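This report refers to the structure that appears directly beneath it.
Note that these values count all heavy atoms, side chains included, but never hydrogens, waters or copies made by symmetry. Residues take their numbers from the sequence shown, with the count starting at 1. Keep in mind it's a predicted model, so treat the numbers as computed, not measured.
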Amino acid sequence: MHPQTLRQYDRLGLVSPSRAPGRGRRYSARDVAQLREVQRLSQEDGVNLAGIKRILELENHVAALGHRVDELEAELDVVRQQARRIFAAGMAGDIVATPRGQRPSAQRPPSQGSTALVVWRPDRSR
């Protein structure tokens, strides 16, 4: 590519190479791949530079959203693992974790009586 083309792409923000101490541009492998994509879009597909910039912005946005989806799926896996635990009210009124398919221990603490609460509602339909 012509140096003037590279400067224009840099000014437009299509490719942002790093700078050497003498202000020279340093292009990484990723920058070179992006330059090739800009050239392909421009020459083969006939997209103008503003359109290319928008396409690159959207591709970056899609990549960022893909990473966010991965993060949320990992977080959801953690929540699902935690949701597999079963909680029940123990005999002392406390909340205890119990294995799936089992009830909490039926032993009452020796110093306490029943802490059960019963709500009675008369049938008023008669």
Side-chain angles (χ1 to χ4, degrees):
M1 286 187 176
H2 193 274
Q4 186 62 31
T5 304
L6 295 174
R7 283 191 286 273
Q8 182 180 11
Y9 289 173
D10 190 10
R11 270 193 308 273
L12 293 173
L14 296 175
V15 178
S16 299
S18 61
R19 298 289 180 164
R23 297 288 298 152
R25 292 173 179 83
R26 300 286 176 146
Y27 293 93
S28 66
R30 182 178 180 275
D31 293 333
V32 172
Q34 194 159 351
L35 284 169
R36 287 186 176 142
E37 179 67 9
V38 169
Q39 187 176 34
R40 185 191 68 76
L41 287 169
S42 176
Q43 292 176 355
E44 294 176 15
D45 297 337
V47 180
N48 65 17
L49 294 180
I52 291 172
K53 184 174 182 177
R54 184 70 177 139
I55 288 169
L56 295 176
E57 287 171 353
L58 291 172
E59 285 178 348
N60 290 336
H61 188 65
V62 167
L65 289 174
H67 291 302
R68 182 66 179 140
V69 166
D70 293 341
E71 291 171 1
L72 290 173
E73 285 177 343
E75 190 176 324
L76 182 60
D77 288 342
V78 170
V79 169
R80 284 183 177 154
Q81 289 296 326
Q82 291 175 348
R84 290 189 179 146
R85 296 186 301 176
I86 304 295
F87 295 95
M91 295 305 294
D94 55 336
I95 297 175
V96 294
T98 60
R100 189 178 292 273
Q102 293 184 4
R103 295 179 181 260
S105 173
Q107 297 175 357
R108 281 197 177 121
S111 64
Q112 295 181 350
S114 174
T115 59
L117 174 67
V118 178
V119 177
W120 179 72
R121 293 191 178 119
D123 186 15
R124 298 200 189 264
S125 62
R126 293 187 215 184

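- Note: Leu41 CG to Arg36 CZ = 14.5 Å, rounded to the nearest 0.5 Å.
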Contacts under 3.5 angstrom, residues 10-22 side chains, donor-acceptor by atom type, not counting sequence neighbours:
unit_1, atom_1, unit_2, atom_2, d
Asp10, OD2, Arg19, NH2, 2.7
Asp10, OD2, Arg25, NE, 3.0
Ser18, OG, Arg26, O, 3.2
Arg19, NH1, Arg23, O, 3.3

Distance-only criterion, 3.5 Å: show the donor-acceptor pairs between side-chain atoms of residues 55-73 and protein atoms not counting sequence neighbours.
unit_1, atom_1, unit_2, atom_2, d
Asn60, ND2, Leu56, O, 3.3
Arg68, NH1, Glu71, OE1, 3.1

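- Evaluation of the side chain to side chain donor-acceptor pair (under 3.5 Å) rule for Glu37 yields Arg40 as partners, not counting sequence neighbours.
- The CZ atom of Arg7 sits 7.5 Å away from atom NE2 of His2, with the distance rounded to the nearest 0.5 Å.
- Here Glu44 pairs with nothing under the side chain to side chain donor-acceptor pair (under 3.5 Å) rule; sequence neighbours left out.
- Taking OH from Tyr9 and CD1 from Ile52, the interatomic distance works out to 6.0 Å, rounded to the nearest 0.5 Å.
- Legend: residues meeting side chain to side chain donor-acceptor pair (under 3.5 Å) with Thr5, ordered by chain and number and at least two apart, are absent.
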